[in-house]
Amino acid sequence: MATITVHDKNFEPYLSVEEIHSRIRFIAHQLNTDYIDKKPLFIAILNGSFIFAADLFKELTIDAEICFIKLASYKGSKSTGHVITAIGLDMDLFGRDVVILEDIVDTGKTLHEFLPQLRHQQPSSLKIVALLHKPDATVFPMHIDYLGFSIPDKFVVGYGLDYDGLGRNIPEIYRLTE
Ligand code: IMP
């Protein structure tokens, strides 16, 4: 496959459709085992996770619910600093087995700030599924319970991930060329 251009930058093929889907089937198999009879609630974080969430959810054979939320960040007061709120989270998490679906964990800041808000609602368990993780970019370390791929600290696009709004519709994952 050839190099592609998104906006002003060039990207090279990195993860193929087959690699992505086979890894998703593997994760789904684990979830089907771990969450049998638990009716988990999946919370997919938009925008980047919409394709990943759909493909993973189709592979689940257990009873499961899914909802989609968007995280908005804004500057709070001096004491609260930077605040992240969830738009569209209208489910009661109390006593539920909750599974977060994230496209990519980069610095870890987003989840680091958002997870305490979910824990506050006292779910009976809270786990994280991420398609991609850049360990070398970590600023806020966190445990990812189900991980697709651990990747180098290079910008990627495709499969739902964008570069400045574009590239989400590319079926494979491409990474920035040197
Ligand atoms: P974090 O808070 O630094 O972990 O960033 C998480 C968010 O940044 C992801 O949900 C993505 O929306 C975005 N992001 C981080 N790295 C990339 C990348 O390589 N390509 C596209 N989006 C990215």
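In this chain, residues are counted from 1 in sequence order. For ligands, and for the atoms within them, numbers begin at 1 and follow the listed sequence. Since this is a predicted model, take the numbers as computed values, not measurements.
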Out of all atoms in ligand 1, which are within 4.0 Å of some heavy atom of Lys134? Include the element for each. 16 (N), 17 (C), 18 (C), 19 (O)
Does NZ belonging to Lys127 count more than 12 external heavy atoms closer than 6.0 Å? no
Distance filter under 4.0 Å to Glu102 heavy atoms, resulting ligand 1 atoms: 10 (O)
Please determine if Phe155 has a nitrogen or oxygen closer than 3.5 Å to a nitrogen or oxygen of ligand 1. no
Can you tell me which residue and heavy atom of the protein come closest to atom 20 (N) of ligand 1, and the distance to 0.1 Å? Val156 O, 2.7 Å
Ignoring hydrogens, what is the shortest heavy-atom contact between Phe11 and Leu176? Give both atom names and the distance. CD2-N, 3.4 Å
Any idea which protein heavy atom is nearest atom 22 (N) of ligand 1, and the distance to it? Leu161 CD2, 3.8 Å
Option from Asp55, Asp103, Leu15 for which side-chain contact (heavy atoms from CB on, under 4.5 Å) with Tyr159 holds: Asp55
Is the closest heavy-atom distance from Gly48 to ligand 1 below 4.0 Å? no
Does some non-hydrogen atom of the protein lie less than 4.0 angstrom from atom 16 (N) of ligand 1? yes
Using heavy-atom distances only, which candidate in Thr107, Val157, Ile104 approaches atom 7 (C) of ligand 1 most closely? Ile104
Atom 12 (O) of ligand 1: nearest protein contact (heavy atom, Å): Asp103 OD2, 3.9 Å
Is the distance from the ring center of His133 to that of Phe149 below 6.0 Å? no
I need the atoms of ligand 1 closer than 4.0 Å to a non-hydrogen atom of Thr110, numbered in the order shown. 1 (P), 2 (O), 5 (O), 6 (C)
Is there a donor-acceptor pair under 3.5 Å between the side chain of Arg23 and the backbone N or O of Gly148? yes
Could you grab the distance from atom CG of Leu161 to atom CG of Leu131, nearest 0.5 Å is fine? 7.5 Å
Say you draw a straight line from CG of Leu71 to CG of Leu111; how long is it, rounded to the nearest 0.5 Å? 8.0 Å
Is it true that Lys39 and Glu65 make a salt bridge, defined as a side-chain N closer than 4.0 Å to a carboxylate O? no
Quick check: Val105 and ligand 1, any N/O pair under 3.5 Å apart? no
Give the atoms of ligand 1, by number and element, whose distance to some non-hydrogen atom of Asp162 is under 4.0 Å. 21 (C)
